[in-house]
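Heads up: the structure comes next, in structure tokens.
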Amino acid sequence: MTRGMKKLSFIGLRPGALLLLVWLLMVGTPAGAAAPVPLMPLEEVQVGAQGVARTVIAGTRIEEFGVEVLGILKNKGAVGDLILVRTFGDVIDRAGGVAQGMSGSPVFIDGRLIGAIGYGWSLTDQRTAMVTPIHDMLQLLDRKPPKTSEPEPVDKPADKMTDKADGKSRPLLSTPLMAAGFGSNALAFLQTHLKPLKLTPVAVGDPPADIAFGALEPGSAVGVQLVRGDVSLGALGTVTYVDDDKILAFGHPFLKRGPAGFLMTNAYIFTTIRGLESSFKVGATGEVIGTISQDRGAGIAGEMNRFPGIVPMRMNIRSAESGDGREMAVQIVQDEEIMPIL
């Protein structure tokens, strides 16, 4: 018997009650339910402590890299203090430093979760980052989500053919957006009209058809999708914390909407590209698995198997010159500021 376990006494139980107890012990927790990991309060985080962080830099496989606590930055975050860390290891070497898309990567010390990588600096060696404390992020789970509805299916027609080099910290996922199915003119339009929101679309393809996505866990890639269907537009980040069907991610705001209604998806990472200003993951959003219901300073929060309201749209496009045409069907999130652009 392992340390800390208590012996169970069956004395005095009726046969029927004993059978029920044995059945409950055999069944345990429901299949697929993810138990929350142990947490470390900010006041217990010590300078010089070393630990590990988790993220995906290619495919769907979660990998670990080293972290060392350099200090506590008082009142430097969107909601409070930030933890300054140095990252190291093979994963960081291959990724070219802390990359966009690593936002939300959970950081563990002695097996306890201290928070999520959420901020860094441009035009540096990109190995220093700032961690949003997990207890600030947990407050997002106490927020009441907006009302939602089941999404309508997207039917494809049967005949279808942060800040620059000024010394300021920046969110690691202010850009880019993964854009699949858009032409060059549409991308140019989006780049212009989404620039005030610090969102930059990057052309990508669809994820491989044979990918079998697993359940989300700390370190998994996760998508926040704005458009889905014959075209797709969404941001990538990393899952920080899972408690049954609730998740926390990013460690910083996406669009800082407060109550939100974005599509939550799993995600596939093609690769992580080194950049002069910052490295970034290139990937694709996958299947819709729930809703992102909170988008606030400490990160984003979502719920699996619960879906936001969407705006379905079907387009018939025909060339005035050749007469050739095609149909397209998409779903767009209900966001008053973004929806007119999309």
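- Atom CD of E336 has 12 or fewer heavy atoms from other residues, nucleotides or ligands within 6.0 Å.
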Show your reasoning for whether side-chain contact (heavy atoms from CB on, under 4.5 Å) applies to F88 and Q50. CA-CA 11 Å; F88 57 91; Q50 292 193 356; 4.0 Å; yes
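- Under a cut-off of 6.0 angstrom, the local environment of CG in N316 is crowded, with over 12 non-hydrogen atoms contributed by other residues, nucleotides or ligands.
- The shortest side-chain heavy-atom distance between Y119 and V98 does not fall under the 4.5 Å cut-off.
- The side-chain heavy atoms of V131 and V45, taken from C-beta on, include no pair separated by under 4.5 Å.
- Looking only at atom types and distance, the side chain of Q225 has no donor-acceptor partner in the side chain of T265 under 3.5 Å away.
- For the pair T238 (side chain) and G101 (backbone), a donor-acceptor distance under 3.5 Å is present.
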One pair to check against side-chain contact (heavy atoms from CB on, under 4.5 Å): F262 and I300. What are the steps and the verdict? CA-CA 10 Å; F262 303 132; I300 61 173; over 6 Å; no
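- The minimum heavy-atom distance linking I117 with A129 is given by the pair CG2-CB, 4.1 Å.
- Under a 3.5 Å cut-off, the side chain of N266 and the backbone N or O of E287 do form a donor-acceptor pair.
- A salt bridge links D93 with R127: the closest approach of a Lys/Arg side-chain nitrogen to an acidic carboxylate oxygen falls below 4.0 angstrom.
- Here the side chain of T240 pairs a donor or acceptor atom with the backbone of G104 at under 3.5 angstrom.
- The shortest non-hydrogen separation linking V91 to E64 is CG2-O, 3.3 Å.
- In this structure a side-chain-to-backbone donor-acceptor pair under 3.5 Å is present from D230 to A329.
- Rounding to the nearest 0.5 Å gives a distance of 11.0 Å between CE of M130 and CG of L70.
- Atom-to-atom distance recorded for L187:CG and F182:CZ is 7.0 Å, nearest 0.5 angstrom.
- Checking side-chain atoms of S105 against main-chain N and O of M102 turns up a donor-acceptor pair under 3.5 Å.
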side-chain contact (heavy atoms from CB on, under 4.5 Å) evaluation trace for L84 with V69: CA-CA 6 Å; L84 183 67; V69 177; over 6 Å; no
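- A distance of 12.5 Å separates CD1 in I273 from CD1 in I57, rounded to the nearest 0.5 Å.
- Rounded to the nearest 0.5 Å, atoms CD (E63) and CG (D90) are 7.5 Å apart.
- Checked options V107, I114, V37, L39; the residue passing with I134 is L39 (criterion: side-chain contact (heavy atoms from CB on, under 4.5 Å)).
- The nearest pair of heavy atoms linking A267 to T60 is O-CG2, 4.0 Å.
- A pairwise comparison of heavy atoms in P253 and G297 identifies CD-O, 3.2 Å as the closest pair.
- Side-chain atoms of D136 do not come within 3.5 Å of backbone N or O of A298 as any donor-acceptor pair.
- The CD1 atom of I341 lies 8.0 Å from the CG atom of L190; values are rounded to the nearest 0.5 Å.
- No side-chain heavy atom of S220 sits less than 4.5 Å from a side-chain heavy atom of R61.
- In this structure, E217 does not pair ionically with R54, as no charged nitrogen and carboxylate oxygen lie closer than 4.0 Å.
- Between L141 and A301, the closest heavy-atom pair is CD2-CB, 4.2 Å.
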Show the numbers, then the answer: is there a side-chain contact (heavy atoms from CB on, under 4.5 Å) between I269 and V282? CA-CA 6 Å; I269 307 301; V282 175; over 6 Å; no
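- The shortest distance between side-chain heavy atoms of R112 and P41 falls below 4.5 Å.
- You'll find the side chain of L138 reaches within 4.5 Å of the side chain of Y241, heavy atoms only.
- Note on V47: it does not cluster hydrophobically with V85, by side-chain heavy-atom contacts below 4.5 Å among ILVMFWY residues.
- For the pair E337/R257, a side-chain contact is recorded, criterion being any heavy-atom separation below 4.5 Å from C-beta on.
- If you take OG1 on T285 and CE on M178, they are separated by 9.5 Å, rounding to the nearest 0.5 Å.
- Between the side chain of T272 and the backbone N or O of A95, no donor-acceptor pair lies under 3.5 Å.
- Taking the side chain as every heavy atom from C-beta outward, F250 and D295 never approach each other to under 4.5 Å.
- With S279 contributing its side chain and G96 its backbone, the two residues share a donor-acceptor pair below 3.5 Å.
- A heavy-atom distance below 4.5 Å is not found between the side chains of T291 and M264.
- Note: the hydrophobic cluster containing M304 also contains F254 (ILVMFWY, side chain heavy atoms under 4.5 Å, direct or indirect links).
- In summary, the side chains of E303 and S293 do not present any donor paired with an acceptor at a separation below 3.5 Å, with no hydrogens or angles considered.
- When hydrophobic clusters are built by joining Ile, Leu, Val, Met, Phe, Trp and Tyr residues whose side-chain heavy atoms come closer than 4.5 Å, directly or via intermediates, M40 is not grouped with V79.
- Linking ILVMFWY residues whenever their side-chain heavy atoms come closer than 4.5 Å, directly or via other members, leaves V202 and L194 in distinct clusters.
- The shortest heavy-atom contact between P218 and I62 is O-CD1, 3.7 Å.
- Ring orientation note: the planes of F189 and H193 are close to parallel, at an angle under 30° on the 30°/60° scale.
- Atom CE of M339 is surrounded by more than 12 heavy atoms from other residues, nucleotides or ligands within 6.0 Å.
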